[in-house]
Number of protein chains: 2
Amino acid sequence: MGGQLVECVPNISEGRRGDVIASVADAVRRTDQVRLLDVQSDASHNRSVVTFAGRPAAVIEAAFALCARAVDLIDMNAHRGAHPRLGAVDVVPFVPIAHVTMEEAVALARTLGDRIWERLRVPVYFYAEAAATPQRVRLPDIRKGEYEGLREKMADPAWAPDVGEPISHPTAGATVVGARRPLIAYNINLKTADVDVARQIARAVRESSGGLVHVQAMGVASEGGQAQVSMNLLEYTSTPIARVFDAVRAEAARHGVEIAESQAVGLVPLDALVDVARHYLRLRDFDREQVLEARLME
Amino acid sequence: MGGQLVECVPNISEGRRGDVIASVADAVRRTDQVRLLDVQSDASHNRSVVTFAGRPAAVIEAAFALCARAVDLIDMNAHRGAHPRLGAVDVVPFVPIAHVTMEEAVALARTLGDRIWERLRVPVYFYAEAAATPQRVRLPDIRKGEYEGLREKMADPAWAPDVGEPISHPTAGATVVGARRPLIAYNINLKTADVDVARQIARAVRESSGGLVHVQAMGVASEGGQAQVSMNLLEYTSTPIARVFDAVRAEAARHGVEIAESQAVGLVPLDALVDVARHYLRLRDFDREQVLEARLME
């Protein structure tokens with residue numbers, strides 16, 4: 001088959017010191033067969049998000065190299081920031097992109113978790129699809145108490161780490177590792193400035209209030225002053241972009257409002273675009289293997 | 001910028017002897033930084049189409065290696081086949097795919113043409129976007145008289161080759177080299193078996209009878225028995241798939257017929273899919289750089 005592709009998006013607890021961020025990113029860049037795609041730092045959160053991708057074996061190497069570098073350079077005892085966090089490497093999600101199953105991504109998370117404990121002596125929790133129990137699926141639950149509360153949290157047998165002894169690393173705390181589906185951040189701007197209309201549409205289309213599964217949505221004002229339905233599509237393979245667009249369009253029409261435009265924020269997997277073409281062009285027997293650039297990647 | 005990508009689709013005059021076809025394809029496969037994408041042979045045409053792609057410098061190397069191998073192995077004096085042809089390497093088009101201008105593709109054609117004459121002593125005609133005169137734009141005009149008529153054709157000063165002396169190579173004839181836009185072979189099946197409806201729609205949407213520019217179309221019966229509008233989209237960047245689909249849908253509606261499904265035959269460039277998403281989702285500020293897989297190729 002060929003063309004296996006997995007994405008990894010570690011969040012590290014450093015968003016201010018450029019030399020540290022560069023050094024951590026460099027650990028990824030120096031790993032063979034892996035492409036560093038993006039580094040986004042937030043000074044007020046004092047946190048950076050590193051995005052890279054490649055074949056599974058190479059991505060594991062890069063992820064571990066990044067963890068080792070971050071544990072080496074970041075002292076959580078000196079860390080202050082607006083975003084909740086447990087450790088120097090706060091969270092490492094693996095995201096299957098192409099020809100990789102969720103089970104394989106979970107296995108990658110487990111392999112990395114074991115290695116982080118064995119070689120770095122940082123205890124590990126598994127979350128999302130890699131979670132060992134329902135209580136550990138959601139990141140906010142695992143992060144509760146944060147780095148400063150780790151000693152107390154780990155003293156509770158219910159919060160013993162999934163890998164390693166229940167002892168917070170003296171400078172790096174603990175790390176959360178897991179696997180999740182890729183998500184698409186997708187916003188639709190309306191031909192109205194009435195944010196209340198966007199809020200009503202958001203309520204109608206999102207999972208939490210009876211709409212489409214795997215869709216999170218809220219109504220906000222866009223930078224341009226238009227009302228915006230701002231969404232996360234958590235499973236674009238089962239609830240594709242086109243279905244969400246059509247649902248928002250239908251709800252907007254009930255309010256007598258049209259869609260002005262839409263935006264995808266960040267990277268979009270090719271399969272999501274293939275789905276859009278399949279939907280609107282009623283394309284038969286078409287898949288990513290027919291996209292010239294995808295063939296080149298195999 | 002990075003990510004330069006050009007496709008090359010040589011047609012060679014051998015579609016029967018598997019060892020010769022494999023050897024010619026192998027000349028491409030052995031070239032660094034080039035991906036062999038497809039080899040299609042037609043025994044009755046006695047002709048093979050080789051498709052490969054990569055960065056411009058590597059594609060030139062692969063194209064020349066293929067030409068040298070084909071000139072070495074194919075004797076046109078023994079060649080019989082249903083498809084018109086001028087030489088062992090009949091035609092070599094360069095197709096700009098990403099971050100490559102048509103001017104650059106034309107320059108590649110000129111470079112290859114010079115090298116074919118200098119090293120292989122095969123005279124070269126330039127066609128399509130690389131044509132030196134309007135009389136040499138279309139392949140059928142250049143091919144008229146075929147291999148067997150080359151001596152007579154070249155004796156006419158109007159048909160002197162663009163590169164080299166007006167003497168047909170004793171076993172390899174002449175070669176046509178050029179540059180063209182990528183084309184998309186795209187068929188739309190209708191919810192009717194009435195081929196006459198497909199013919200009327202084809203006439204309404206194609207350039208030659210007053211429809212959309214850069215669209216060739218005909219009405220045929222599909223394998224499944226549905227009437228089909230079978231098309232070549234010659235410039236999907238200016239006349240995108242979505243516009244063609246919408247035009248066919250509107251024409252079909254005039255006949256009270258709906259679209260059943262559509263099919264893309266062969267490889268589709270990523271930019272064509274990006275256009276589809278832009279069109280139907282009204283996507284703003286979205287380009288190929290936001291597709292995860294395209295970023296990986298840079």
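The basis for the numbers below is simple: all heavy atoms, side chains too, and nothing from hydrogens, waters or symmetry mates. Every chain is numbered from 1, with letters handed out A, B, ... down the list of sequences. These numbers come from a predicted model, not from an experiment.
Within the model, atoms NE2 of B:H279 and OH of A:Y280 stand 10.0 Å from one another, a figure rounded to the nearest 0.5 Å. The distance from the CD1 atom of A:I188 to the CZ atom of B:R284 is 12.5 Å, given to the nearest 0.5 Å. Going from atom CD1 of B:I241 over to atom CG of A:L281 covers 6.0 Å, rounded to the nearest 0.5 Å. With rounding to the nearest 0.5 angstrom, the CD atom of B:Q263 is 14.5 Å from the CZ atom of A:R282. Distance check: A:L270 CG to B:L292 CG gives 9.0 Å after rounding to the nearest 0.5 Å.
B:R295 places a side-chain N or O within 3.5 Å of a backbone atom of A:L37 that can act as its donor or acceptor partner. Judged by distance alone, the side chain of B:E293 and the main-chain N or O of A:E293 form no donor-acceptor pair under 3.5 Å.
With a 4.5 angstrom heavy-atom cutoff, A:Y186 touches chain B only via side-chain atoms. Contacts of B:A260 with chain A are made by backbone atoms alone, with heavy-atom separations under 4.5 Å and no side-chain atom involved. If you measure heavy-atom distances from B:I259 to chain A, the contacts under 4.5 Å come from both the backbone and the side chain. Contacts between A:V265 and chain B at a heavy-atom distance below 4.5 Å involve the backbone alone (N, CA, C, O).
When every heavy atom of A:A264 is checked against every heavy atom of B:L283, the shortest pair comes out as N-CD2, 3.8 Å. Scanning both residues, A:A277 and B:L273, for their nearest heavy atoms gives CB-CD2, 3.6 Å.
No more than 12 heavy atoms of other residues, nucleotides or ligands shown are found within 6.0 angstrom of CE on B:M218. Other residues, nucleotides and ligands contribute only 12 or fewer heavy atoms inside 6.0 Å of the CD atom of B:Q40.
Interface summary for chain B: among A:F286, A:F52, A:F245, the most heavy-atom pairs under 4.5 angstrom belong to A:F245. Most heavy-atom pairs under 4.5 Å with chain B, from the set A:V268, A:N189, A:V276: that is A:V268.
Contacts between residues 24-32 of chain B and chain A, defined by a heavy-atom separation under 4.5 Å, are made by no residue at all.
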